[in-house]
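Report on the following structure.
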Amino acid sequence: MRILEKINKANDIRNLRPSEYEALADQIREFLIEHVSRTGGHLASNLGVVELTMALHLFLDFPKDKLIWDVGHQCYVHKILTGRADGFEQLRKYGGMSGFPKRRESNTDLFDSGHSSNSISEACGLVRARELTGGKEKVVAVIGDGALTGGLAYEGLNNAGQLKSNLILVLNDNEMSIAKNVGGMASYLGKIRTSTRYEDLKDDVTSTLEKIPLVGEKLVRQIRRSKESLKQFMIPGMFFEQMNITYVGPIDGHNIGQMYEAFLAASRKNGPVLVHVITKKGKGYDCAEHDPGQFHGVDAFDVETGKSLSEKQGDTYTDVFAAAMNELAAKYRNLVAITAAMPDGTGLSEFKTKYPRRFFDVGIAEEHAVSFAAGLAAGGFHPVVAVYSTFLQRAYDQILHDVCLNRFPVTFAIDRAGIVGSDGETHQGIFDISYLTHIPGLLVMAPKNAAELKEMLEFCVTSAEPTAIRYPRGEAGDAFSQSQAPIRRGECEWLQREGEVLLLAAGSMVEVAGKVAQLLGADGICAAVANVRFLAPLDAKMLKEALSYKTVVTLEENVARGGFGEEVAAYLLGQGYRGRFLSVALPDQFIEHGSQAELRKVYGLDAESVAQRIRRL
């Protein structure tokens, strides 16, 4: 019987013999590679935390004890050890198991999580709750070194230092977030990894002094009492100790015994303890070890070669953005680019190589990225902040206060806007229209195709106003590109004016609107189509013309509340419009994981579903 088959529920690992641990780790890695190669998912990060997760499960008693995973995409091993191995057949598929912690899946998953740097704050809350109720449960938070570039982590650390009862923070240090870590904390942790001066000196001094007759042992005791001063002298900063957090490590993150003993010792401390473990991202699979960034999140792939099995599509919107940024940088010397730890994901890797002095990776720190952009703009540059929609929402206050209030010329290139797919609720970019279009002075645009994205980007980087472009994940087609009208501030593009039904569509939904018009035409219903282009401000002339149509339909890949459909409806109502109105948008809820096409059909954003709703009108 395979050892992995003995794991059917939480705590089963505690029934194994220590001699079985290594084989279990090997079998878990084989299991992960086999299943993720078929379904896609986050591979490298999970291969790196196999032994760490095993040590935590040996140490903790679920569900009484509490374990928080920062970000959460490295929770696959945790899911296996809590009896969810069968769910990997449908990992990240619609109706199947999530690739992130999910409260509805298991009482061992404490938070639905997908963003980073929040685990320490959540753990502090759990500790305070335990103190108020008189509980005895252990509380552990696992946070990566990449997540320590996020400001929220420091807010959590600041408060953790005030705790009088135990909290264990596990720093999983693999020198990576998605890309290579950057900044002061990465440098600091690097020094800790490579520095043995403190431990070596301590051992040498202790052994030498103990040999001195009569006074030797007394001197050793005095040194132990003053070890905090010695640590501060020998290890740069002793950052965590200075914040009243006991530091333990660094420890081999692939040595289960060492980690278990460290956790056990840490649990005896009244107060917060940070256990620093060193892991290797992608461990056990050569392709992932060689290129952990590429294997951070993968589609289905061939195990032997590591090559993707997905069919090669045309250029994605990210590809188009990347090429346009390189062209514009050659043309406009004041153009600079900013990313938050995702140069590959946002398409800025080539820009980084070509224009290294004009490229800035600030780490997982979206709030800082936006305020930093405001500073660059104040200094005479035009920053383009390239970020996924779901992560930009973390910097809402900075967009409003630091950029828009000051009317700085900053462009937000919002990738993965709309339905993203298999990463699920935490990653769907379905709120940005709602949280951006009401900010005074911010121009918000959405391209219908690849060519329009390029034109919009040049419009933005030559503008003296704050601007934003939202574009979806996936292939950038050429819909309606034959006679594309020039971009003019605040103006829509009429693609077809004649008809009794008016389809007002934004971004990815313009192509859908064109298909809807064809479907309705086959039924004898003539439909006009307008490409909104500017979600803020909406084209006032377009809105006035809409009053002449019997039926007005808005189409957007955003939640209904706060979307541009609501704004159109309010205008029509205010003008006494007597026709029919339909808002095609996502429901006001979190959208689960599944393929993009599948989710669009489920939620009625595909052409046939929209046409059918219009027919019913």
Side-chain angles (χ1 to χ4, degrees), residues 178-179 293 297 312-332 334-356 358-362 366 369-370 373 376 381-392 395 399 409-421 427 429 432-433 436 442-463 466-479 481 484 487 506-508 510-511 531 533-535 557 596:
I178 295 175
K312 175 63 178 174
Q313 57 181 359
D315 285 347
T316 65
Y317 277 97
T318 305
D319 295 331
V320 174
F321 166 76
M325 281 293 289
N326 293 330
E327 292 173 14
L328 293 170
K331 192 173 179 181
Y332 304 105
N334 70 329
L335 175 64
V336 295
I338 302 169
T339 183
M342 301 192 71
D344 293 331
T346 58
L348 288 175
S349 293
E350 190 176 346
F351 187 101
K352 174 183 178 180
T353 301
K354 286 187 172 182
Y355 305 100
R358 293 158 65 184
F359 169 82
F360 304 96
D361 184 347
V362 300
E366 291 83 5
V370 175
L376 279 164
F381 289 87
H382 190 111
V384 175
V385 182
V387 62
Y388 289 4
S389 172
T390 184
F391 299 133
L392 183 62
I399 298 168
V410 174
T411 295
F412 299 101
I414 309 171
D415 203 334
R416 307 297 201 272
I419 291 174
V420 171
H427 283 60
D432 55 79
I433 294 177
L436 290 177
L442 178 62
L443 303 184
V444 184
M445 289 163 270
K448 68 179 183 296
N449 59 28
E452 196 163 75
L453 172 57
K454 293 178 67 174
E455 290 183 32
M456 284 184 175
L457 189 59
E458 182 158 18
F459 172 89
C460 288
V461 301
T462 56
S463 172
T467 54
I469 311 173
R470 73 183 306 262
Y471 46 94
R473 180 181 190 178
E475 187 172 355
D478 59 356
S481 60
Q484 191 156 290
I487 304 288
S508 61
V510 175
E511 184 174 0
N531 168 22
R533 277 188 171 169
F534 284 84
L535 291 155
E557 205 165 301
Q596 287 176 291

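Remark: Ile487 CD1 to Ser463 OG distance equals 12.5 Å, nearest 0.5 Å. Going from atom CZ of Phe391 over to atom CE of Met342 covers 6.0 Å, rounded to the nearest 0.5 Å. Taken from CD1 in Ile419 to OG in Ser508, the straight-line distance is 8.5 Å, to the nearest 0.5 Å. One finds the CD1 atom of Ile469 at 11.0 Å from the CD atom of Glu455 (value rounded to the nearest 0.5 Å). The CG atom of Asp315 lies 14.5 Å from the CZ atom of Phe321; values are rounded to the nearest 0.5 Å.
Using a 4.5 Å cut-off on side-chain heavy atoms (C-beta onward), Val336 and His382 make no contact. No side-chain heavy atom of Leu335 sits under 4.5 Å from any side-chain heavy atom of Phe381. Counting heavy atoms from C-beta on, the side chains of Lys331 and Glu327 never come closer than 4.5 Å. With contacts defined as side-chain heavy-atom distances shorter than 4.5 Å, the pair Ile399/Leu392 qualifies. Between Val410 and Pro466, the closest side-chain pair of non-hydrogen atoms is not below 4.5 Å. No side-chain heavy atom of Phe459 sits less than 4.5 Å from a side-chain heavy atom of Thr411. Using a 4.5 Å heavy-atom threshold, the side chains of Met325 and Val384 count as touching. Taking 4.5 Å as the limit, every side-chain heavy atom of Val444 sits out of range of all side-chain heavy atoms of Phe534.
Remark: of the listed residues Thr339, Ile338, Ile414, Thr339 is the sole one forming a side chain to side chain contact (heavy atoms under 4.5 Å, CB included) with Thr346.
Closest approach of Leu535 to Ala506, counting heavy atoms only: CD2-CB, 3.7 Å. Heavy-atom minimum distance, Tyr471 versus Ala413: OH-CB, 3.6 Å. Annotation for Arg358 and Tyr332: closest pair NH2-O, 2.8 Å, computed over non-hydrogen atoms. Contact detail for Ala479 and Lys448: the closest heavy-atom pair is O-CE, 3.7 Å. Minimum heavy-atom separation, Phe351 to Ala329: CE1-CB, 3.5 Å. For the pair Pro383 and Ala373, the tightest heavy-atom approach, listed with the atom from each and the gap, is CG-O, 3.2 Å.
Aromatic rings of Phe359 and Tyr355 (six-membered ring for Trp) have centroids beyond the 6.0 Å cut-off, not under it.
Of the possible polar contacts, none joining the Arg533 side chain to the Pro447 backbone as a donor-acceptor pair under 3.5 Å is found. Under the 3.5 Å distance criterion, the side-chain polar atoms of Arg473 are left unmatched by any main-chain donor or acceptor of Gly418.
Between Lys454 and Glu458 there is no salt bridge, since no side-chain N of the basic residue sits under 4.0 Å from a carboxylate O of the acidic one.
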- Item | Evaluation steps, side chain to side chain contact (heavy atoms under 4.5 Å, CB included), between Thr467 and Phe412 | CA-CA 6 Å; Thr467 54; Phe412 299 101; over 6 Å; no
- Pair Cys460-Met445, side chain to side chain contact (heavy atoms under 4.5 Å, CB included): steps then yes or no: CA-CA 10 Å; Cys460 288; Met445 289 163 270; 3.2 Å; yes
- Between Leu376 and Phe360, does a side chain to side chain contact (heavy atoms under 4.5 Å, CB included) hold up when you go through it step by step? CA-CA 11 Å; Leu376 279 164; Phe360 304 96; 4.1 Å; yes
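Looking only at atom types and distance, the side chain of Asp344 has a donor-acceptor partner in the side chain of Ser349 under 3.5 Å away. With no hydrogens or angles considered, a side-chain donor-acceptor pair links Asn449 and Gln484 at under 3.5 Å.
Residues satisfying the side-chain hydrogen bond (donor to acceptor under 3.5 Å, both in side chains) criterion with Asp415, sequence neighbours excluded, are Thr318.
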